[in-house]
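Proteins get letters first, then strands, A, B, ... in listed order; numbering begins at 1 in each.
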Amino acid sequence: MFWQQLVNGLTVGSTYSLIALGYTLIFGVLGIINMAHGQIFIFGSLVGLVLMTSMQMPLGVALVASIVISAILGLILEYTALRPLRKKNVPHLASLISTIGFAILVEEAMHKIFGADSRAFPQSFGDKTFDLGVIQIRSVDLIILAIALILMFVLHFWIQKTKMGKAIRATAENTDTANILGINTNMVIIVTVMLASALGGVAGILIGMAYSALIPTMGMTLGFKGLAVLILGGVGSIPGAMVCGVLLGVIEVFTVAYGDSSYRDAVAFGLIIVILLLKPEGLFGRKA
Amino acid sequence: MLSIQNLTTSYGQIKAIRGISLEVPEGKIVSLIGANGAGKTTTMRTIAGQLKPQSGGIVFCGQKIDGSKPHQIVKAGLALVPEGRQILGKMTVLENLEMGAFQRNDAQGIKDDMEKMMNWFPILRERLSQLGGTMSGGQQQMLAIARALMSRPKLLLLDEPSMGLAPIVVSDIFKVIKQINAEGTTVLIVEQNVKQALKIADYGYVLEAGQIVLDGTAESLLNDERVKEAYLGGRKH
Ligand SMILES: Nc1ncnc2c1ncn2[C@@H]1O[C@H](COP(=O)(O)OP(=O)(O)O)[C@@H](O)[C@H]1O
Ligand SMILES: [Mg+2]
């Protein structure tokens with residue numbers, strides 16, 4: 001039971017990590033919270049899901065479609081809601097509002113295009129279970145966990161070791177400095193926003209697989225989970241987002257398993273508040 | 001090599017520099033001296049593309065660069081060592097140097113230059129995997145200069161490299177600047193440390209309240225009564 005729940009928590013939590021990474025990457029380079037993140041990646045994921053259900057496309061195609069559509073929406077966000085305000089040197093609060101505006105637009109578009117109802121995932125995969133002694137893992141959970149963990153590993157390596165990854169870190173630390181070193185920071189921002197949205201696109205499909213369905217309003221609820229993880233991990237911290245996403249997933253699953261499912265979010269967010277009272281900068285954050 | 005005509009840059013309503021003109025000939029060291037708030041940093045930031053001039057022109061190696069983006073100006077061969085050094089404190093010394101070479105793609109050349117920098121500044125070799133933020137002010141200044149040189153600039157701009165450093169470190173820094181110039185890099189240096197800056201320079205400009213009030217060979221400025229009075233601590237003893 002315990003181990004079983006732990007695996008479930010890890011599975012759900014790893015998708016929260018991917019969502020929170022999107023917030024943290026964008027916060028890192030731009031210093032803003034992208035309130036449209038959830039809507040962007042749920043839109044992308046719904047496109048992927050429709051490809052699977054209406055056109056019998058395989059999961060891989062749905063995943064790629066979700067990544068591409070989410071990344072394109074991220075690009076549109078940058079050109080419409082972020083860059084125009086950045087040029088004018090307006091306070092960061094302004095771009096918070098403009099991303100909320102973008103979120104509302106995407107949410108409305110989703111309702112028009114996909115309807116407000118829940119859309120089921122095809123049941124063709126994931127019903128097999130693997131017996132590993134103390135735990136049984138559904139193959140779908142295995143797929144989710146594997147994709148999420150591999151992606152985080154690759155991302156970590158990419159940010160630490162590649163030229164582009166280092167340029168992102170340099171821009172995040174100081175855009176002015178990055179500029180005079182010859183880094184085209186506008187290009188870095190585009191890459192970051194698209195990457196963040198694409199990670200969400202993966203997370204959305206994985207969550208759809210875990211819950212066997214997607215609803216347009218999940219953009220907001222999952223967005224809030226990602227935000228909670230962002231704050232818990234320490235805003236702008238990549239390891240913080242990774243670890244705390246998993247942590248939130250585990251807390252949620254244990255609350256349901258050993259407590260009351262109706263208190264799932266209450267316990268999870270209550271714990272976050274307690275942790276933040278003890279460590280206001282987040283578990284992995286630096287003191288300001 | 002660098003030619004500035006009638007450059008004016010403002011912050012909102014405030015004109016920080018007002019119609020300044022100056023020339024930096026190839027192979028030389030030119031010093032721009034002036035008191036705190038004279039507009040030295042504004043001039044440097046405008047040349048490097050971080051600030052847009054309100055009017056006037058900047059020509060670098062025959063190419064008009066006012067209006068270009070900072071990264072394009074680096075690519076054209078101009079590198080700035082900014083005021084306060086601006087080391088990337090959360091990145092290692094090695095990564096700081098790598099970022100200096102961001103516009104380059106010649107892996108072997110970058111490697112060779114990295115080696116050259118570590119020979120010039122042995123402290124960098126010792127601290128290569130340490131975070132930039134953990135180094136002392138003097139070490140950070142060395143790193144900032146080495147980082148700028150990693151782009152292989154034709155012209156190096158230095159904004160108050162001696163700021164906040166102990167006198168012994170300052171004289172080291174000026175020795176290094178002289179050596180960089182001897183190896184073929186043209187230098188434009190901005191300083192409040194007027195004596196040192198003029199000693200290594202070929203030519204100098206004096207900036208006051210956003211305007212060039214005096215210019216001449218470094219030697220003539222060092223002996224100029226007004227310069228002595230205002231910047232060199234009065235009469236010679
Ligand atoms: N970001 C800024 N906003 C408004 N005014 C500024 C800014 N930076 C500098 N100034 C003003 O412009 C003038 C020149 O400053 P600066 O170029 O930094 O001088 P220096 O480098 O010679 O000390 C000063 O009066 C300063 O107060
Ligand atoms: Mg200054």
Side-chain angles (χ1 to χ4, degrees), chain A residues 24-25 27-31 78-79 83-84 86-91 156-192 233-241 281-282 284-288, chain B residues 11-12 41 44-52 68-92 94-105 107 110 129 131-133 140 143-144 146-153 156-159:
Chain A
T24 237
L25 282 170
F27 186 89
V29 296
L30 287 171
E78 153 68 3
Y79 276 103
R83 186 173 298 198
R86 200 158 61 235
K87 279 195 178 138
K88 297 206 171 67
N89 263 330
V90 292
H156 179 77
F157 179 82
W158 187 79
I159 297 247
Q160 288 302 318
K161 299 292 178 204
T162 67
K163 190 171 174 180
M164 191 64 211
K166 288 172 194 173
I168 289 180
R169 283 193 284 138
T171 305
E173 184 167 340
N174 190 329
T175 309
D176 269 352
T177 306
N179 266 327
I180 56 159
L181 295 179
I183 296 171
N184 180 352
T185 50
N186 268 331
M187 187 260 295
V188 169
I189 289 168
I190 286 177
V191 169
T192 307
V235 178
S237 163
I238 289 175
E281 69 275 17
F284 289 74
R286 282 161 212 250
K287 282 209 171 72
Chain B
Y11 300 99
T41 298
M44 293 303 232
R45 287 172 57 92
T46 308
I47 298 171
Q50 291 185 293
L51 295 172
K52 267 216 177 354
S68 298
K69 297 263 163 58
H71 69 271
Q72 294 165 331
I73 292 173
V74 173
K75 196 164 177 80
L78 196 154
L80 169 66
V81 179
E83 184 177 82
R85 317 179 237 295
Q86 291 188 17
I87 291 306
L88 296 163
K90 297 181 204 164
M91 296 178 80
T92 65
L94 177 65
E95 286 169 341
N96 268 276
L97 292 172
E98 287 171 348
M99 289 296 99
F102 190 80
Q103 283 285 349
R104 295 170 60 182
N105 289 308
I110 293 173
S129 57
L131 293 184
Q140 288 193 4
L143 175 56
R147 185 179 67 176
L149 290 173
M150 285 304 294
S151 68
R152 265 200 199 169
L156 183 68
L157 305 186
L158 295 143
D159 193 344

| Quick one: which of N96(B), V74(B), L88(B) gives a side-chain contact (heavy atoms from CB on, under 4.5 Å) with L181(A)? | L88(B)
| request: Take H71(B) and M187(A), measure what side chain to side chain contact (heavy atoms under 4.5 Å, CB included) needs, and give me the verdict at the end. | output: CA-CA 11 Å; H71(B) 69 271; M187(A) 187 260 295; over 6 Å; no
| request: Considering non-hydrogen atoms only, spot the tightest contact between F102(B) and A167(A) and give its length. | output: CE1-CB, 3.6 Å
| Top contributor to chain A contacts, counting heavy-atom pairs under 4.5 Å, from A79(B), A148(B), G89(B), A101(B) | G89(B)
| Atom pair CE/CD of M91(B) and E173(A) - distance to nearest 0.5 Å | 7.5 Å
| task | Mind listing the closest non-hydrogen atom pair of I180(A) and P82(B) along with its distance? | result | CD1-CG, 3.5 Å
| note | If one checks every heavy atom of I87(B) against chain A at 4.5 Å, the contacting part turns out to be backbone
| note | Whatever's closer than 4.5 Å to a heavy atom in chain A on E98(B) counts as side chain
| Just wondering, do N105(B) and K163(A) contact through their side chains at under 4.5 Å, heavy atoms? | yes
| query | Which region of R45(B), side chain (C-beta onward) or backbone (N, CA, C, O), has a non-hydrogen atom less than 4.5 Å from a non-hydrogen atom of chain A, or is it both or neither? | reply | side chain
| request: Check for a donor-acceptor pair, side chain of E95(B) on one end and backbone N or O of K166(A) on the other, with a separation under 3.5 Å. | output: no
| said: Given heavy-atom pairs under 4.5 angstrom as the criterion, report whether the side chain, backbone, both or neither of K90(B) touches chain A. | reply: both
| field | Separation of D176(A) CG from Q50(B) CD (nearest 0.5 Å) | value | 5.0 Å
| Which residue, I183(A), T177(A), T171(A), forms the side-chain contact (heavy atoms from CB on, under 4.5 Å) with M99(B)? | I183(A)
